[in-house]
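So you know, we letter chains A, B, ... as the sequences are listed, proteins then strands, and number each from 1.
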Amino acid sequence: MDIDSKKKLAPAGISIRNGPIEEDSDDDAPLVNGNGKRKSRSSIAKVSYKADSDSDDSRPLAKRQRKVADSDSDDAIMSRRRSSAKLPPAVTETANIEDSDDDVPLTTKLAQRKKSIEKAAEKATKKPAAKKAVKDESDDDVPLSRAKGPQRNGTKAKSNGVKKEESDSDTPIRSKVKAATAKDKTATSATKKAPAKKAAKKEESAEAEGEEEEGEYEWWNAPKKEDDSVKWTTLEHNGVLFPPAYEPLPKNVKLYYDGKPISMHLEAEEVAGFFGSMLSSTHNVENPVFQKNFFGDFQEVLKRTGGAKDRDGNKVAIKEFSKLDFSKIFDYYHAKSEARKARPAAEKKEEKAERDKAEAPFMYCKWDGRKEKVGNFRVEPPSLFRGRGEHPKTGKLKLRVMPEQVTINIGKDAQVPQPPAGHKWKAIQHDNKATWLAMWQENINGAYKYVMLAANSAIKGQSDFKKFEKARELKKHISRIRKDYERELKSEIMADRQRATAMYLIDKFALRAGNEKDAENEAETVGCCSLKYEHITLREPNTVIFDFLGKDSIRFYDEVTVDRQVFKNLRMFKKTPKKDGDDIFDRLTTSQLNKHLGSYMQGLTAKVFRTYNASFTMSTLLKGLEVKNLTIPEKVKLYNDCNREVAILCNHKRTVGAGHEAQMEKLGDRIKGMKYQLWRTKQMILDVDPKQKKKKGTEYFALDDKIDDAWIEEHIAFLVEEQRTKIQKKFEKDNEKLQANKEKVMPDKELKERLKAVNELEKKLKKEHKSKKVEAEGKSPSVDKIEANVEKIEQRIKTLELQAADRDGNKEVALGTSKINYIDPRLTVVFSRKFDVPIEKFFSKTLREKFNWAIKSVESDDNWEF
DNA sequence: CTGCTCACTTAGGAGAAGATTT
DNA sequence: AAATCTTCTCCTAAGTGAGCAG
């Protein structure tokens with residue numbers, strides 16, 4: 001990791017006064033945390049899942065935001081967030097002065113880069129505001145959820161910065177819009193009616209209901225909903241698909257205990273199978289906690305089901321994990337999956353068709369009359385829980401989910417899906433403020449599992465869109481927020497000072513909020529507010545070293561320099577008697593922090609900063625690219641470089657694959673091979689025209705210094721061998737052909753004859769190597785021709801080297817996560833259009849579907865900016 | 001406040017599918 | 001056509017944060 005990447009020198013002029021609370025002797029003193037914890041919510045209730053409680057339907061389960069738009073009193077807003085249908089007029093403008101109009105030189109140095117990005121952010125605070133007002137984007141300052149009245153439609157009619165010129169409206173571009181349902185219309189009719197021409201058009205096509213198969217609901221062109229807490233008016237679906245019943249092992253496949261095969265109840269056998277089938281996942285299987293948890297649960301199941309018996313039907317006590325031998329089970333499953341893979345293609349296809357057919361009813365639902373894809377309609381099958389990191393419960397048995405545990409959420413008038421024969425649902429509800437279709441609780445942590453729509457659905461798209469709009473909104477407040485927290489770094493109130501410090505970290509280093517966790521039942525990971533004493537090391541004068549496990553137990557390690565005041569604060573927050581295990585921010589919780597953030601901007605929370613910083617960084621980096629006259633792969637590479645920086649910012653990692661090292665070496669060898677070829681080709685020039693040596697200089701003809709004699713010899717051997725097998729293969733093939741044509745085959749003598757060429761090649765290469773002279777190849781070689789060749793080879797080397805660097809730089813960075821969740825897709829779409837790179841190069845099929853809204857909504861606006 | 005429930009986004013890895021090389 | 005490498009999709013765990021009760 002590039003350690004310098006985040007360096008940022010503490011501003012010089014910072015006054016190093018000792019704040020009055022530096023000593024913090026008052027009652028504000030940090031509470032030692034060991035167990036006098038202030039903010040813990042440690043005790044985790046035993047999850048009760050009362051699997052029954054029965055389907056007396058209507059019981060509204062969902063609690064969320066159901067209080068209808070209560071207050072209009074617009075400064076009660078803060079606590080009201082989501083529900084507030086009406087809001088104070090968007091906060092006007094930040095009071096920041098200070099114009100930094102240097103123009104952000106994007107050097108390659110990340111450090112400077114980051115700094116300038118921040119600067120740019122400040123700038124952006126003001127400029128776009130002005131620009132926007134004129135340009136379009138009326139929505140920029142419109143709080144997302146608001147939208148009363150017929151605003152935009154009448155005027156310029158671009159919902160989200162989509163232009164779609166009015167004049168166009170007579171060409172039926174939008175053949176698609178049919179889908180809107182009657183209900184949908186009622187909800188928004190007020191807004192819909194208003195604008196004459198265009199809306200009428202839409203409406204008209206909307207009438208064509210029922211054929212939504214083809215129709216695409218362009219919600220991004222639709223008027224904004226008044227009340228987005230209601231998620232649907234009608235909802236039909238077919239429930240969930242349960243996993244198949246357990247398929248017993250064949251009689252001859254047994255678990256062994258102490259060297260002897262044993263039998264047991266199918267229920268226990270299934271559990272043994274879970275472990276046995278994952279033997280290749282050493283990472284889990286060799287983890288002692290995993291073993292212990294598995295074994296405990298396994299024993300329990302055994303006990304409940306009559307225990308284990310040997311061949312003769314005698315009971316066998318299963319006492320020690322280490323005496324269990326799953327290898328037969330493993331072999332069986334392994335062979336089975338191999339066999340499946342090896343089946344003829346036709347068979348596979350058939351099976352797939354069959355499966356698709358069985359799944360078809362669950363794949364889609366009808367949401368407000370529109371067909372929408374369901375995301376995860378399959379109920380999670382039983383398995384061993386694979387908690388990440390040092391999860392205390394990893395390896396425990398995750399039980400089979402029964403219909404009796406599943407709650408169905410569905411439209412009032414919809415047909416309730418039939419539970420599997422002989423079963424019933426836990427409950428049926430009709431909560432239209434929830435987006436899920438089905439829900440159950442899992443037995444390990446009592447976590448809720450929801451069946452929701454797929455990423456390409458309107459509902460998910462809309463919230464994605466809102467997320468990015470929220471982040472863009474932050475642009476207008478960021479400079480004020482930064483100023484404030486910089487000031488508050490010196491606040492006399494401990495809590496405020498901690499809050500400001502936390503905000504600084506979240507803003508600068510893209511830390512997560514860091515909610516409180518349950519130490520006993522979860523892996524010990526942290527985010528900003530839950531950072532512990534030992535996660536931060538301070539080094540004078542202003543270096544901070546982070547080292548902690550974040551979400552998914554991914555290590556966050558970074559050495560950064562911070563504002564001097566931040567450094568001092570952290571030092572203070574770590575002051576004795578604090579010790580390992582204690583919270584750094586002992587007076588701060590995420591909800592306090594978020595509440596404070598909310599006072600700057602409706603809906604602002606810590607996570608918005610990650611989105612904002614990621615997208616803003618991407619935007620800035622893309623703007624700084626020199627993209628002219630490049631090939632498509634080169635442009636893609638540049639884009640990916642930017643993407644990678646964002647991924648690094650967000651600490652998105654992946655484990656480097658086992659084969660990585662070998663692959664790199666192979667690539668390296670290929671490059672060396674090309675370089676050798678390059679050298680040979682250049683030598684040919686000298687063969688044709690020795691005078692070129694003076695002309696081009698010795699340097700030009702030199703061999704890459706990483707290539708030594710030993711390597712060349714090896715390489716020659718390799719080339720020769722390669723050639724040999726090639727000829728051999730060719731010979732065999734030719735013979736096969738002859739045979740097929742009933743002609744007589746060539747004798748081995750012919751092969752030998754042909755192989756002579758190889759011997760000659762070998763001789764030639766060796767001679768070249770010795771004499772360092774290369775005879776020109778080809779007929780009538782000329783300097784020009786050879787130079788053209790050189791050019792070609794150099795190009796190929798460049799490509800390969802690029803590829804190698806790319807891959808190495810990528811080995812432990814995952815680009816996907818930031819692309820999917822953090823980088824406003826419109827940035828990518830605009831880049832793609834502006835520089836003529838097909839969007840397919842950036843978004844896979846599913847991603848294109850997910851980001852359809854982005855692709856469509858900036859398709860006529862190359863100047864869209866984050 | 002705190003504690004707890006609930007809903008929804010974000011995350012990495014496994015395995016399938018596709019592309020490329022042999 | 002098989003082997004191998006690369007990319008994509010699926011899966012589900014692990015976060016964030018809203019909102020309610022006491």
Side-chain angles (χ1 to χ4, degrees), chain A residues 38-45 47-48 61-67 79-83 229 231 278 280-281 283-284 337 340-342 345 348 352 375-376 378 380-381 383 385-389 391 393-394 398 409 431 433-436 439 441-442 444-450 452-455 459-460 463-464 467 512-517 522-523 525-527 529 550-554 589-595 597-598 603 605-608 610-611 650-655 657 659-660 662-663 666-667 722 725-726 729 807 814-818 820-822 843-847:
Chain A
R38 251 250 176 91
K39 52 184 206 184
S40 86
R41 35 175 60 198
S42 36
S43 76
I44 271 275
V47 227
S48 66
L61 289 195
K63 290 286 161 53
R64 268 267 222 142
Q65 61 172 57
R66 63 166 93 73
K67 282 278 112 83
S79 47
R80 266 317 97 155
R81 297 202 196 347
R82 312 261 246 119
S83 51
S229 80
K231 306 296 183 9
M278 62 189 288
S280 51
S281 172
H283 167 68
N284 289 299
S337 82
R340 271 176 57 84
K341 265 185 246 161
K348 282 190 204 164
K352 184 169 188 310
N376 54 329
R378 267 176 281 260
E380 294 173 13
S383 63
F385 175 69
R386 294 154 94 121
R388 305 185 185 155
H391 199 296
K393 296 190 176 178
T394 194
K398 198 170 88 173
N409 190 37
D431 180 0
K433 310 236 171 117
T435 67
W436 52 269
M439 179 267 280
Q441 249 177 320
E442 145 265 12
I444 308 282
N445 302 297
Y448 296 82
K449 300 291 184 148
Y450 298 91
M452 294 186 193
L453 295 200
I459 191 71
K460 292 287 186 188
S463 64
D464 213 24
K467 172 182 76 186
R512 295 189 182 82
N515 282 317
E516 206 58 42
K517 287 190 75 180
E522 295 179 278
T525 62
V526 299
C529 295
K551 182 176 179 182
D552 292 310
S553 292
I554 296 295
T589 65
T590 51
S591 40
Q592 286 164 4
L593 173 64
N594 283 335
K595 202 154 166 194
L597 292 175
T605 61
K607 84 193 268 280
V608 178
R610 259 168 90 81
T611 314
C650 298
N651 200 42
H652 292 142
K653 293 204 197 157
R654 60 176 186 175
T655 48
H660 179 79
Q663 282 163 21
K666 214 164 134 191
L667 240 179
E722 189 183 52
T725 44
K726 222 185 219 166
K729 282 251 171 73
R807 185 188 299 211
L815 302 194
T817 307
S818 49
I820 293 168
N821 299 302
Y822 288 104
F843 292 156
S844 69
K845 182 167 147 294
T846 39
L847 228 42

### Message
When you measure from the side chain of A/K231 to the backbone of A/K433, do you find a donor-acceptor pair of N or O atoms at a distance under 3.5 Å?
### Response
yes

### Message
If you compare every side-chain N and O of A/K352 against the phosphate oxygens of B/dA17 (OP1, OP2), does one of them come in below 4.0 Å?
### Response
no

### Task
For A/S281, report the nucleic acid contact type (base, sugar-phosphate, nothing); a contact means any heavy atom under 4.0 Å.
nothing

#### Entry: Short side-chain N/O contact from A/S591 to OP1 or OP2 of C/dA18, under 4.0 Å
no

### Message
Among C/dT16, B/dA11, B/dA16, which nucleotide has an atom closest to any side-chain atom of A/K607?
### Response
C/dT16

### Query
Whole Å only: how far is the CG atom of A/N284 from the P atom of B/dG15?
10 Å

### Message
Distance check needed: C/dT16 C1' versus A/L593 CG, whole Å only.
### Response
12 Å

### Task
Would you mind reporting whether A/H283 and A/T655 have side-chain heavy atoms less than 4.5 Å apart?
no

### Query
Counting N and O atoms only, with roles assigned by atom type, does the side chain of A/N376 sit under 3.5 Å from a partner on the main chain of A/Y450, one being a donor and the other an acceptor?
yes

### Message
Without decimals, in angstroms, what is the distance between A/N821 CG and C/dG15 P?
### Response
15 Å

### Summary
5' to 3', nucleotides 7-14 of chain C under a 4.0 Å protein heavy-atom cut-off (B base, S sugar-phosphate only, - none) gives -SS-SBSB

### Query
Rounded to whole angstrom units, what separation is found between the CD atom of A/E516 and the P atom of B/dC4?
13 Å

### Query
What integer distance in Å separates A/N515:CG from B/dT10:P?
14 Å

### Task
May I have the distance from A/H652 (atom NE2) to B/dA11 (atom P), rounded to whole angstrom?
4 Å

#### Entry: Whole-Å distance separating the CH2 atom of A/W436 from the C1' atom of B/dC8
13 Å

#### Entry: A/R610: partners by salt bridge (Lys or Arg N to Asp or Glu O under 4.0 Å), with sequence neighbours left out
none

### Task
Report yes if some heavy atom in the side chain of A/R386 is under 4.5 Å from a heavy atom in the side chain of A/N284; otherwise report no.
yes

### Query
Closest approach of A/R388 and A/D552, non-hydrogen atoms and distance?
NH1-OD1, 2.8 Å

### Task
Using a 4.5 Å cut-off on heavy atoms from C-beta on, say whether the side chain of A/I554 contacts that of A/N651.
yes

#### Entry: Residue-phosphate contact under 4.0 Å: A/Y450 side-chain N/O, B/dT9 OP1/OP2
no

### Query
Tell me: NZ of A/K595 to C1' of C/dT16, nearest whole Å?
17 Å

All N/O pairs under 3.5 Å across the protein-nucleotides 2-6 of chain C interface:
| from | atom 1 | to | atom 2 | distance (Å) |
| --- | --- | --- | --- | --- |
| C/dT6 | OP1 | A/R807 | NH1 | 3.1 |
| C/dT6 | OP1 | A/R807 | NH2 | 2.3 |
| C/dT6 | OP2 | A/Q663 | OE1 | 3.2 |

#### Entry: Under 4.0 angstrom between A/T655 side-chain N/O and B/dG13 OP1 or OP2
yes

### Message
Using side-chain heavy atoms (C-beta onward) and a distance below 4.5 Å, is A/E516 in contact with A/T589?
### Response
no

### Message
Does C/dT16 have its OP1 or OP2 closer than 4.0 Å to a side-chain nitrogen or oxygen of A/R610?
### Response
no

### Query
Within a strict 4.5 Å, meaning less than it, do heavy atoms of the A/L593 and A/C529 side chains meet?
yes

### Query
Taking only side-chain nitrogens and oxygens of A/K460, does any of them come within less than 4.0 Å of OP1 or OP2 of B/dC8?
no

### Task
Would you mind telling me which residue lines up with the more 5' stretch of DNA chain B, A/S280 or A/T817, judged by nearest nucleotide?
A/T817

### Heavy-atom pair with the smallest gap, counting every atom of A/L597 and A/T605
CD1-C, 3.5 Å

#### Entry: Position toward the 5' end of DNA chain B (nearest nucleotide), A/M452 or A/K348
A/M452

